[in-house]
Amino acid sequence: MAIKLYNTLARKKEELKPLKDGKVTMYVCGPTVYNYIHIGNARPAIVFDMIRKYLEYRGYQVYFISNFTDVDDKIINAAKELKEEVPVLAERFIEAYFEDTGALGVKKADMHPRVTETMPDIISFIKALMEKGFAYEAEGDVYFETKAFKEYGKLSSQSINDLQMGARIEIGEKKKDPLDFVLWKKAKEGEISWDSPWGKGRPGWHIECSAMVKKYLGDTIDIHAGGQDLAFPHHENEIAQSEALNNKQMAKYWLHNGYIQINNEKMSKSLGNFVLVHDIIQKHRPEVIRFFMLQSHYRSPLNFSEELLESARSSLERIHTTTNNLKHRFNESADFGEENDWIDTVRQYKEAFIREMDDDFNSANGISVLFDLVKDANRYLQENHSSKQVMQSFLDVIREIGVVLDIPVEAEEEILDEEIERLIEERIQARKERNFARADEIRDSLKEQGIILEDTPQGTRWKRE
RNA sequence: GGCGGCAUAGCCAAGUGGUAAGGCACGGGUCUGCAAAACCCUUAUUCCCCGGUUCGAAUCCGGGUGCCGCCUCCA
């Protein structure tokens, strides 16, 4: 069975057919590192991480690259404001990026190239574009001549004519045409800069990705991904640069994730509703945020609020409860019976999970399969079955799905301190003696410490609130 | 103005021609010393509105409304 994915370039779902059998090359546009990432930056990080891991689960060897834009206007401005050197500031936020995305379960890319480390490749890319007649110099700047690339607009399905009508006319413009975009930007006095054939300056924003893709992955890659807003102009410009130079398709599949809104409003500085990952993970466990994001399809718009995270937390809790119950019952059971109907049912859920995920990485449906599994496991336990084999197969598949989506499906094993252990023992004794007043007193006091007690037919259990 | 996306229960969210998944919340019941958890039942005759195609439409077509994004280096 083949994996299908929605290709922005084709505007439809297509079957994944990598350039090389069993291998997928994937490039995701990374952040400009001038601040902590916000929840909107977290979405592409999480969903493309999920896609990468799912492809690996399905047997592909994935070579995954994501860049850091570590020099550009925003960084220069931020550095000026904070009175910090550009490289120091960039380094600081690269570390913060790894810290935040790491907490969200995002695995590091195979390589994280930076603009400042790719300078020679960028310069020779621009030189080659000029030699082929796709770029021109104007007073120390270099521009890409959009009209020279006939297919401009194919990704975002816009025609050059329409774009020109909408284009803003800028005063003192050095471009020949408003649609032309900068490849090399002349440095202002005192600004951080690099030497080039056109004088001191720095690369335009779009050229880095073209240069990095060519350098590390080749002229054509399998998957190129990023936020929906990048489709135009960023990805359009990347295509123009790369395909003009290489004369080959840049990427077979273009993937774009949907936008995030905050409380049904656009997230913007003027509304003051920027949610930084750095802050939100102080209040909510990061795995809840990941789970929340994967509960909707990666291309759908997604609303974000504290209430919705709370609801996601409860959902995740339901899964934890079931795995814990399965583990307890498994340990207590001495039933080695074979119940093949159940085993078969569980196997079908695993197949359903793969079927859903194969269809454009529908993690929303993948998670609903997980809940179906949880429901059946609960039912199994409720009906007092206790075959170790069946319980093991439930646990195996639940865990397997958890690993693929990288969401924790079981609460962390923890050792309680002696005092709490002693109180739990005392309460068990009190209940035996039907001293419920004391039992409730202990339960209440533990609850204040965040320990929830549950008396099941198989004994007393505890969990963290 | 151009291009694109979205609209499904109180909330979130799948479903792109065959008779409305899943989660959260709410209510009733079972279990429990009481709880919690879990299970069972209940909860959208209906998928923004109006037309059309079809034996059959949330799904396709036409028109309308609302929200959002991109076209200004905000993912």
Side-chain angles (χ1 to χ4, degrees), chain A residues 8 11 13 28-32 35 37-45 47 69 72-74 153 156-159 161-168 170 179 181-182 185 204-206 225-234 236-237 256-261 264-270 274 291-292 295-297 299-303 305 307-308 310-319 321-322 324-325 352 356 359 362-372 374-375 377-383 431 434-437 439-440 443-444 447 452-457 460-463:
Chain A
T8 306
R11 274 174 289 282
K13 282 184 202 171
V28 178
C29 290
T32 301
N35 197 354
I37 59 165
H38 57 249
I39 199 75
N41 297 313
R43 193 175 192 193
V47 300
T69 303
D72 90 325
D73 287 351
K74 282 180 289 186
S156 48
S157 61
Q158 308 198 67
S159 74
N161 286 340
D162 290 339
L163 285 167
Q164 276 175 326
M165 281 195 286
R168 183 165 71 155
E170 290 171 53
L179 291 183
F181 55 91
V182 70
K185 195 165 184 168
W205 175 41
H206 313 293
Q228 200 176 62
D229 58 310
L230 294 183
F232 190 90
H234 184 56
E236 202 70 74
N237 291 351
H256 294 99
N257 65 274
Y259 241 64
I260 281 192
Q261 283 179 261
N264 290 310
E265 278 182 319
K266 178 183 174 164
M267 179 164 64
S268 72
K269 280 186 181 136
S270 54
F274 258 76
F291 178 78
F292 168 74
Q295 255 189 315
S296 63
H297 186 92
R299 281 191 287 114
S300 301
L302 178 60
N303 191 31
S305 72
E307 292 72 35
L308 294 172
E310 233 354 89
S311 157
R313 194 196 60 77
S314 301
S315 302
L316 200 50
E317 187 67 36
R318 179 174 164 83
I319 300 168
T321 302
T322 298
N324 282 350
N325 286 340
E356 295 297 350
D359 185 8
N362 196 333
S363 57
N365 278 347
I367 287 174
S368 84
V369 171
L370 187 55
F371 280 109
D372 290 339
V374 161
K375 182 105 177 165
N378 286 334
R379 210 174 275 153
Y380 184 81
L381 297 177
Q382 187 83 11
E383 289 169 8
R431 288 184 75 226
R434 303 192 69 79
N435 181 359
F436 297 122
D440 290 350
R443 187 167 64 192
D444 291 345
K447 186 167 194 306
I452 308 270
L453 294 186
E454 296 176 2
D455 302 318
T456 75
T460 297
R461 312 257 176 83
W462 64 270
K463 68 179 180 187

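We name chains A, B, ... by the order of the sequence lines, and we start the count at 1 in each one.
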| Given A:K13 and A:D359, is the side-chain contact (heavy atoms from CB on, under 4.5 Å) satisfied, shown in steps? | CA-CA 9 Å; A:K13 282 184 202 171; A:D359 185 8; 2.9 Å; yes
| message | Go through it in stages, so that I can follow the logic: the residues are A:L302 and A:R43, the test is side-chain contact (heavy atoms from CB on, under 4.5 Å), and I'd like the CA-CA distance, side-chain angles, deciding distance and then a yes or no. | response | CA-CA 10 Å; A:L302 178 60; A:R43 193 175 192 193; 3.5 Å; yes
| message | Working note: A:Q382 + A:Y380, criterion side-chain contact (heavy atoms from CB on, under 4.5 Å); need CA distance, chi angles, decisive distance, verdict. | response | CA-CA 5 Å; A:Q382 187 83 11; A:Y380 184 81; over 6 Å; no
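Between B:C60 and B:U72, the distance separating the two C1' atoms is 38 Å to the nearest Å. Comparing the same atom, P, in B:A58 and in B:U45 gives a spacing of 13 Å after rounding to whole Å. Comparing the C1' positions of B:C3 and B:A14 gives an interatomic distance of 28 Å, to the nearest angstrom. Straight-line distance between the P atoms of B:G10 and B:G51: roughly 24 Å, to the nearest whole Å. Distance check on atom P: B:G28 versus B:G69 gives 42 Å, rounded to whole Å. To the nearest whole angstrom, the two C1' atoms, one in B:C12 and one in B:G2, are 33 Å apart. The C1' atoms of B:A38 and B:C70 are separated by 48 Å, rounded to the nearest whole Å. Distance noted for atom C1' between B:G52 and B:A9: 28 Å (whole Å).
Searching all strands for a Watson-Crick or G-U wobble partner of B:A58 with both distances below 3.5 Å returns nothing. For B:U72, there is no paired nucleotide, since no Watson-Crick or G-U wobble pair has both relevant distances below 3.5 Å. Using N1 to N3 plus N6-O4 or O6-N4 for Watson-Crick, or N1-O2 and O6-N3 for G-U wobble, each under 3.5 Å, B:U65 pairs with B:A7. Nucleotide B:A21 has no partner under the Watson-Crick or G-U criteria, as no pair reaches both atom distances under 3.5 Å. Pairing for B:C39 is with B:G29, a Watson-Crick or G-U wobble pair whose two hydrogen-bonding atom distances lie under 3.5 Å.
Considering only the side chain of A:F232, B:C70 comes nearest among B:A75, B:C73, B:C70. In the set B:C73, B:A25, B:C74, B:C74 carries the atom at the smallest distance from any side-chain atom of A:H38.
With sequence neighbours excluded, no residue forms a salt bridge (charged side-chain N to carboxylate O under 4.0 Å, His left out) with A:K375. A search for salt bridge (charged side-chain N to carboxylate O under 4.0 Å, His left out) contacts involving A:R379 returns A:D376, not counting sequence neighbours. Under the rule for a salt bridge (charged side-chain N to carboxylate O under 4.0 Å, His left out), the partners of A:K463 that lie at least two apart in sequence or sit in another chain are A:E317, A:E454. Here A:D73 pairs with A:K185, A:R202 under the salt bridge (charged side-chain N to carboxylate O under 4.0 Å, His left out) rule; sequence neighbours left out.
The heavy-atom pair separating A:R431 from A:F436 by the smallest distance is O-CE2, 4.1 Å. The minimum heavy-atom distance linking A:Q228 with A:G258 is given by the pair NE2-CA, 4.0 Å. Shortest non-hydrogen contact noted between A:A312 and A:Q295 is CB-OE1, 4.1 Å.
Between the side chain of A:T322 and the backbone N or O of A:R318 there is at least one donor-acceptor pair closer than 3.5 Å.
In this structure, A:M267 atom CE and B:C74 atom P are separated by 13 Å, rounded to whole Å. Rounded to whole angstrom, the span from the CD atom of A:E236 across to the P atom of B:G4 amounts to 13 Å. Summarising the geometry, the separation between CG on A:L308 and P on B:A25 is reported as 13 Å, rounded to the nearest angstrom. Spacing between atom CD of A:Q158 and atom P of B:C70 amounts to 13 Å, rounded to whole angstrom units. Nucleotide B:U72 holds its P atom 13 Å from the CZ atom of A:F181, rounded to whole Å. Here the P atom of nucleotide B:A75 and the CD atom of A:Q261 are 16 Å apart, to the nearest Å. Here B:C70 presents its P atom at 14 Å from CD1 of A:I260, a figure rounded to the nearest Å. Computed from coordinates, the A:F371 CZ to B:A25 P distance equals 11 Å when rounded to whole Å.
Across all strands, A:K185 comes closer than 4.0 Å to base atoms (heavy-atom distances). A:G40 comes within 4.0 angstrom of a nucleotide base, judged by non-hydrogen atoms across all strands. A:I37 comes within 4.0 angstrom of no nucleic acid atom, judged by non-hydrogen atoms across all strands.
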Mind listing the N/O atom pairs, protein and nucleotides 14-21 of chain B, below 3.5 Å?
residue : atom : partner : partner atom : Å
B:A14   : OP1  : A:H297  : N            : 2.7
B:A14   : OP1  : A:S300  : OG           : 3.1
B:A14   : O3'  : A:N362  : ND2          : 3.2
B:A14   : O2'  : A:N365  : OD1          : 2.0
B:A14   : O2'  : A:N365  : ND2          : 2.5
B:G15   : OP1  : A:N362  : ND2          : 3.0

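Nucleotides of RNA chain B nearest to A:G226 and A:S159 differ in position, and the one nearer the 5' end is that of A:S159. Each of A:G258 and A:F292 has a nearest nucleotide on RNA chain B; the 5'-most of these lies closest to A:F292.
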| query | Taking protein heavy atoms under 4.0 Å as touching, what does nucleotides 26-41 of chain B look like 5' to 3' if B marks base contact, S marks sugar-phosphate-only contact and - marks none? | reply | -------BBBBSBSS-
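Taking the six-membered ring where the residue is Trp, A:H234 and A:W205 present parallel rings, their angle staying beneath 30° rather than reaching 60°.
Ring-base stacking between A:Y259 and B:A75 is satisfied, the centre separation being under 5.5 Å and the plane angle under 30°.
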